[in-house]
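First comes the structure, then the notes that go with it.
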Amino acid sequence: MCFDSKPAAKEKVPSSKRPQFHLDLWLCLTVQNWILDFGRPIVMIILPLEWFPLNRPSAGDYFHMAYNVITPFLMLKLIERSATVLPRSAVYLCIITFVMGASIHLVGDSINHRLILSGYQLHLSVRENPIIKDLKPASLIDSFELLYHYDEQLGHLMWYIPFFTILFLYFSGCFTQTEEQKKIPVSGWLLLGPSALYYWYLVTEGQIFELFLLTFLAMVAMVTYQRRKGFSPDSNGAFLFGSFSVTMALVAAWVVYLWNDPVLRNKYPGFIYVPEPWSYYTLHIKPTEAPPGQ
């Protein structure tokens, strides 16, 4: 187990004895990511509002709570199976920060989705939203901008920086010289598409393209460095690297598709333009509805 009562150091495992493709963990991570993270806002839209009053936690909030427990547990199990010694202090610090950031996001995102049910438009800034721009006193708008900061910026950074750090630490130990260990099984190839598609959603909706790009470039540098020493990614490393490679292609296609959208361009004016899928949904797909009581 991860929290072993014996403090003995973990020895490097010979490449011939390394564990095979971790189908159980990759499958659990992919399924729970799709259900508990991607499915979170969807279940809030589908289920009747009467079941979850606006002043009580919604079904999506319970999904988020489960995600905040299951994901760090699975990542610890993934680190357990690393073939090389990883810095335990760094891993524990990442897990603690991950849980804190995801919990901050839980509160902010919960309120944000209730605002959507009241007419909040995700493709507009906080101050431009019809249900907020006329609030009195005006200082209330500052409070909603603070909420947005906790939800979309601070919460995301404290959530995703440790998330990708742990994945990179794990990836750094996924290299071998044994040819049999380099082959991704059929189950891994079938899982690669759903995994990459989820990471596309994570990067675009989480607005963390810069962080993802740095992680991907670090992985490329690691692969280049290890190949000069005669090592290549094993099946688990190849699966993770392949997922991120496909994700990069999906993000590029998404940006090209929405390159000339004037409304989204106005909301995302920075040098790096990566619109959020839910902003696209409220702008182009969701029918315009009057807020409750109007």
Verify same cluster id: Tyr273, Leu214 (apolar side-chain graph, 4.5 Å): no
Leu250 reachable from Leu217 in the ILVMFWY side-chain graph, under 4.5 Å edges: yes
Side-chain (Trp200) to main-chain (Val246) donor-acceptor, under 3.5 angstrom: no
Parallel, tilted or perpendicular, as decided by the 30° and 60° cut-offs, for the rings of Tyr67 and His64: perpendicular
Atom pair [atom1]/[atom2] of [X] and [Y] - distance to nearest 0.5 Å:
| X | Y | atom1 | atom2 | result |
| --- | --- | --- | --- | --- |
| Glu276 | Trp254 | CD | CH2 | 10.0 Å |
| Asn236 | Lys182 | CG | NZ | 14.5 Å |
| Thr215 | Phe163 | OG1 | CZ | 10.0 Å |

Could you check if a side-chain atom of [X] sits within less than 4.5 angstrom of a side-chain atom of [Y], using non-hydrogen atoms only?
| X | Y | answer |
| --- | --- | --- |
| Tyr268 | Val274 | no |
| Phe21 | Lys183 | no |
| Leu29 | Gln32 | yes |

Can you tell me if [X] and [Y] form a side-chain donor-acceptor pair at under 3.5 Å?
| X | Y | value |
| --- | --- | --- |
| Tyr201 | Trp278 | yes |
| Ser235 | Gln20 | no |
| Tyr280 | Asp261 | no |

Ring-ring centroid check Phe216 Phe241, cutoff 6.0 Å: yes
Check: Tyr199 ring centroid to Phe244 ring centroid under 6.0 Å: yes
Heavy-atom neighbours of Tyr150 OH exceed 12 at 6.0 Å: no
More than 12 heavy atoms of other groups within 6.0 Å of Met100 CE: no
Under-4.0 Å salt bridge between Asp109 and Arg40: yes
